[in-house]
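Beneath this line is the structure, given in structure tokens, with notes to follow.
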Amino acid sequence: MSEERSLNFIEEIIENDLNSGKYKTLITRFPPEPNGYLHIGHAKAICLNFGLTKKYGGYTNLRFDDTNPVTEKTEYVDSQQADIKWLGFEWKNELYTSDYFETLYQFAVKLIQDGLAYVDHSTAEEIAQAKGTPTEPGKDSIYRSRSIEENLDLFTRMKNGEFPDGACILRAKIDMAHTNMLMRDPIIYRIKHADHHRTGSTWCIYPMYDFAHGQSDSIESITHSLCTLEYVSHRELYDWFIEKLEIFPSHQYEFARLNLTYTVMSKRKLLQLVNEGHVSGWNDPRMPTISGLRRRGYTAASIREFCERIGIAKRENLIELSLLEFCVREDLNKTANRVMAVMDPIKMIITNYNQDSEILIGENNPEAEDKGGQREIPFSKELWIEREDFMEEPAKKWFRLAPGAMVRLKFAYIVKCEDFKKDENGNITEIYCTYFPDSKSGEDTSGINVKGTIHWVSAMHAKTAEIRNYDRLFTVESPDSEEGDFKDYLNPDSVEVIENAYIEPYLAEANAETGYQFIRKGYYTLDSDSTAEKLVFNRTVSLKDAWAKGKK
RNA sequence: UGCCCGAUAGUAUAAAGGUAGUACAACGGUUUUUGGUACCGUUUGUCUAGGUUCGAAUCCUGGUCGGGCAACCA
């Protein structure tokens, strides 16, 4: 099929199955539990499942694994659907495990009839106690040998709501001494008198994951059921139920989940960050959620590219955040219009500029195929420039402004620094320059060569905006393998808010969903907090900065 | 102390018994009206001990290290 690119181990399995005629059509599924927001780790699974059927044909179902009514909400169903669509994938069928509750119930009845399941009245503690340990076998429950008739009757009564939560459970009868703990008579149905987000109060017994997932795969004729490594030991049970129920044999294959440096990925920990107010919500731009990344300015294409590059394997991994950043820079470099914004302003006065102002023309994106078009940029006698672009006593290899030094103002003229003014504290307040009228960008006849080009905004035309410069959320590579609580390693400087940055007028009409490059600074996007009066920009990622790096 | 996974440059990922390659990172250079981009180059690797073989990252055995497994969660 594909000769050029090497295959990952799942693609190899699929190609073998397709070539041998084992399956004619590939069917996969993405099965999130609707109990939280999707994150970049889910994106890996989404790209895998949908990408496979895109590549080999067939289709992918979206199935909400909603077997636990107390944790699941419609709100999450909606956000998860939106995130998958935004990532650029389309599912064939929108399905819910809860659609199969009746079928699953019948499956359980069959198991009982075949003498392979029983109702147990032991308490949770007793069951845990009797389970044994990985090195010691468990003990049979005293309810294990009940008659089929009695089990049938009790299970019916469980379903009819005759028992309170926890009074009893239905267990598969396998082997209490099995070396795989999951095979020691696993619980398959429990009583929960709780409202389900889709089935309401129709049911008061709900199947456990292990008694729902494989069967749901089977019902949908999923050929390749892909999940993460922590389910490896569940596969034995998955296969056991399919065999005993004599239903379509879906097969489970496991791959390593994504771990990212300077990030936590578990839903529990992300929820904690939200609940304890360390971030503003699930879509805080520092969160690794799809909605957070989107708000931060990450593009769907860049996330898909990232998932492509990290590969699929069975080994535990910790991917460097720099790869994700590379992917978004690579994408935005081709699409983001170049604009100018000054974050830490200092005034520059061009002493020999005698006009009021003029309109300059700027090319929006030299890297785009169509160059991104052009825009007007007003220029005048007084400008804002970046404080860090001036050094009173220039360092070695300093290409920027310093007394007597010359730089080009991007899209405009070459200027020479003639003088500067300080306040009583020694802070520089104003810089005085002269400009070379014949050095205008695009029609430069001055013959002057300068090493540095800096960005600027015309003071009289500037608009203001709030700029939020985000950085990594944690100070250590692997917050959850560090000693103590992962929250001890939160980065106190994960966001720097600049209340009043100066932006060029063109940006007043910035729209969300669009990435901009603030020249020499980074990629930015309009935040949803923006109002007509106050624009807010998020830094998606900084530009590489060889100068800053060299100084360290 | 049981069972199950896994182990290739700093990080990932290829090489189906036959040249250890690619990307990111790092470092150096060229180009540049962004110290960006682009382009070129450099450094760094098969966990270990045996065995099979003309030949082993790959197959076999032992060991070491890492991860998972004892929720009425998924």
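Here is the naming used below: chain letters follow the sequence lines, and residue numbers restart at 1 for every chain.
- With a cut-off of 3.5 Å on both Watson-Crick or G-U wobble distances, the partner of B/C69 is given as B/G2.
- Here, B/G63 and B/G21 have their C1' atoms 30 Å apart, quoted to the whole Å.
- Distances shown here put a side-chain N or O of A/Lys544 below 4.0 Å from the OP1 or OP2 atom of B/A25.
- Nucleotides B/G45 and B/A26 have their C1' atoms positioned 16 Å apart, rounded to a whole Å.
- To the nearest whole angstrom, the two C1' atoms, one in B/C47 and one in B/G66, are 11 Å apart.
- In this structure, A/Phe255 has its ring center at least 6.0 angstrom away from the ring center of A/Phe9.
- Nucleotide B/A16 forms no Watson-Crick or G-U wobble pair with any nucleotide shown, as no partner meets the under 3.5 Å limit on both distances.
- Across all strands shown, B/G63 forms a Watson-Crick or G-U wobble pair with B/C47, both key distances being under 3.5 Å.
- Across all strands shown, the partner of B/U30 is B/A38, judged by Watson-Crick or G-U wobble contacts whose two distances both fall under 3.5 Å.
- Salt bridge A/Lys131/A/Glu136: absent, no basic N to carboxylate O contact under 4.0 Å.
- For A/Arg408 and B/U34, the shortest distance from a side-chain N or O to OP1 or OP2 is not below 4.0 Å.
- Between A/Lys521 and A/Leu543, the closest side-chain pair of non-hydrogen atoms is not below 4.5 Å.
- Between A/Leu7 atom CG and B/U13 atom C1' the separation is 13 Å, expressed in whole Å.
- Per the geometry, CD1 belonging to A/Ile187 stands 16 Å off C1' belonging to B/C69, to the nearest Å.
- At least one side-chain nitrogen or oxygen of A/Lys192 sits closer than 4.0 Å to the OP1 or OP2 atom of B/C73.
- A/Phe163 and A/His121 have perpendicular rings, their planes meeting at more than 60° on a 0 to 90° scale where under 30° would count as parallel.
- Nucleotides B/U30 and B/A23 place their C1' atoms 22 Å apart, quoted to the nearest Å.
- Judged by atom type and distance alone, A/His178 does not reach the base of B/A70 through any side-chain donor-acceptor pair under 3.5 Å.
- Between A/Lys549 and B/A26 there is a side-chain polar atom (N or O) within less than 4.0 angstrom of OP1 or OP2.
- For A/Gln517 against B/G36, no side-chain N or O and base N or O form a donor-acceptor pair under 3.5 Å.
- Separating the P atom of B/U43 from that of B/A20 is a span of 16 Å, rounded to the nearest Å.
- A donor-acceptor contact under 3.5 Å links the side chain of A/Arg400 to the base of B/G35.
- Atom pair A/Glu230:CD and B/A74:P shows a separation of 14 Å (rounding to whole Å applied).
- With P as the reference atom, B/U44 and B/U37 are 25 Å apart, rounded to whole Å.
- Across all strands shown, B/A57 forms no Watson-Crick or G-U wobble pair with both distances under 3.5 Å.
- Taking the P atom of each, B/U11 and B/G67 are spaced 15 Å apart, rounded to whole Å.
- OP1 or OP2 of B/G35 sits under 4.0 Å from a side-chain N or O of A/Arg520.
- The same atom, P, is picked in B/C60 and in B/C27; the two are 42 Å apart, to the nearest Å.
- B/C24 is paired with B/G10 under the criterion used here, namely a Watson-Crick or G-U wobble arrangement in which both key atom distances are under 3.5 Å.
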